[in-house]
K.L.:
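Dropping the structure in here first, questions after.
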Amino acid sequence: MFIQTEPTPNPRVLKFLPGREVAPLGARDFRTIDEAAAASPLAEALFSLEDVEGVFFGEDYVAVTRGDHGDWSEMKPAVLTTMMDHFISGAPVLLAASGDAGPQVEDDEVVAEIKALLDSRIRPAVAQDGGDILFDAFDRETGVLSLKMRGACAGCPSSSATLKAGVEQMMKHYVPEVTRVEQAA
């Protein structure tokens, strides 16, 4: 098995491409070993490595976030070994009962349009950098759209520029009800 790696715009995040599906039913973000233990044997194993602070599963990649004091030249071999051992074992990436989809609420027309634009144009571009952007809220009175950044995008030095220069401009162009885009807390 060969796992490729790619840098991301966030120097603390490295993207690992195992050449197979990782999370085909939707991206998953793990910020703690407790979250991982309840949902993913692979994420739990990665968190057990020194200096791993986050694990994000995209459709066909794993983005690992290191701590401020970690060094990829030292961490990368351990992450690769852990991932290879997991995939070779045949264990599932996600446990069957795990999922972070809450109750589904029907969206109004503007929110549906925002989500469609996120899914068709923005999320695929951000996934190339090992991250994800999710709809959080839309305030119809002010036109403020709140988005949640995950994976390599969470804490990335260029995430605010991505939101303002890229996402906000596109949203304003295609969804005139949007006046501003903010990162959700």
Side-chain angles (χ1 to χ4, degrees), residues 2-31 35 40 42-43 46 52-66 72 76 79-80 83 93-94 99-102 104 107-140 142-185:
F2 180 72
I3 299 174
Q4 294 179 313
T5 60
E6 290 180 359
T8 70
N10 185 341
R12 292 182 49 222
V13 179
L14 194 58
K15 185 176 173 182
F16 295 83
L17 299 135
R20 60 178 63 188
E21 287 186 330
V22 176
L25 300 177
R28 291 295 307 271
D29 192 24
F30 300 99
R31 304 310 318 161
E35 287 177 14
S40 170
L42 176 56
L46 291 168
V52 171
E53 286 192 353
V55 176
F56 180 81
F57 295 154
E59 183 177 340
D60 61 352
Y61 67 90
V62 177
V64 177
T65 304
R66 66 170 172 78
W72 280 120
K76 185 175 168 182
V79 172
L80 286 167
M83 289 181 64
V93 172
L94 294 166
D100 59 356
Q104 298 295 316
D107 297 325
D108 69 18
E109 190 176 319
V110 173
V111 171
E113 194 174 346
I114 290 168
K115 287 181 176 180
L117 186 58
L118 279 171
D119 289 343
S120 66
R121 293 221 164 165
I122 297 167
R123 291 180 74 201
V126 172
Q128 291 179 345
D129 287 335
D132 196 15
I133 297 180
L134 297 177
F135 174 86
D136 183 60
F138 177 66
D139 184 327
R140 284 153 190 75
T142 63
V144 176
L145 171 60
S146 178
L147 301 173
K148 183 175 181 177
M149 310 285 276
R150 303 192 311 174
C153 294
C156 178
S158 61
S159 65
S160 59
T162 298
L163 276 179
K164 290 297 177 190
V167 177
E168 184 174 274
Q169 294 296 339
M170 185 177 289
M171 283 293 170
K172 285 177 166 181
H173 178 77
Y174 289 104
V175 186
E177 293 85 354
V178 173
T179 61
R180 191 170 79 236
V181 174
E182 295 179 348
Q183 186 167 340

K.L.:
Under the side chain to side chain contact (heavy atoms under 4.5 Å, CB included) test, which residues partner Glu21, sequence neighbours left out?
P.N.:
Pro24

K.L.:
Taking side chain as C-beta onward, heavy atoms only, is Phe138 less than 4.5 Å from Val178?
P.N.:
yes

K.L.:
Any side-chain heavy atom of Val64 within less than 4.5 Å of one from Val52?
P.N.:
yes

K.L.:
Let me check something: any side-chain donor-acceptor pairs from residues 142-149 under 3.5 Å, sequence neighbours excluded? List them with distances.
P.N.:
from   : atom 1 : to     : atom 2 : distance (Å)
Thr142 : OG1    : Val144 : N      : 3.3
Ser146 : OG     : Asp136 : OD2    : 3.2

K.L.:
Working to the nearest 0.5 angstrom, can you tell me the gap between Ile114 CD1 and Ile122 CD1?
P.N.:
10.0 Å

K.L.:
The test is side-chain contact (heavy atoms from CB on, under 4.5 Å); show your working for Phe16 and Met83 and say whether it passes.
P.N.:
CA-CA 9 Å; Phe16 295 83; Met83 289 181 64; 3.6 Å; yes

K.L.:
Tell me whether the count of non-hydrogen atoms from other residues, nucleotides or ligands lying under 6.0 Å of CZ in Arg180 goes above 12.
P.N.:
no

K.L.:
Between Glu59 and Ala23, is there a donor-acceptor pair closer than 3.5 Å when you use the side chain of the first and the backbone of the second?
P.N.:
no

K.L.:
I'd like to know whether Leu94 forms a side-chain contact (heavy atoms from CB on, under 4.5 Å) with Arg28, so could you lay out the CA-CA distance, the side-chain angles of the two residues, the decisive distance to 0.1 Å, and finally the verdict.
P.N.:
CA-CA 9 Å; Leu94 294 166; Arg28 291 295 307 271; 4.0 Å; yes

K.L.:
What is the minimum heavy-atom distance between Trp72 and Pro11, and which atoms define it?
P.N.:
NE1-O, 3.3 Å

K.L.:
Any salt bridge between Glu35 and Arg31, counting N to O under 4.0 Å?
P.N.:
no

K.L.:
Would you say the side chain of Arg140 lies within less than 4.5 Å of the side chain of Asp108, judging by non-hydrogen atoms?
P.N.:
yes

K.L.:
Is it true that the side chains of Thr5 and Lys76 contain a donor and an acceptor less than 3.5 Å apart?
P.N.:
yes

K.L.:
With side chains defined as the heavy atoms from C-beta onward, is the minimum distance between Phe56 and Val13 less than 4.5 Å?
P.N.:
no

K.L.:
Between Arg123 and Asp132, does any NZ, NE, NH1 or NH2 come within less than 4.0 Å of an OD or OE carboxylate oxygen?
P.N.:
yes

K.L.:
If you define the side chain from C-beta out and look only at heavy atoms, does anything of Ile133 sit under 4.5 Å from Val167?
P.N.:
yes

K.L.:
Between Arg12 and Glu53, does at least one N-O distance fall below 4.0 Å, as a salt bridge requires?
P.N.:
yes

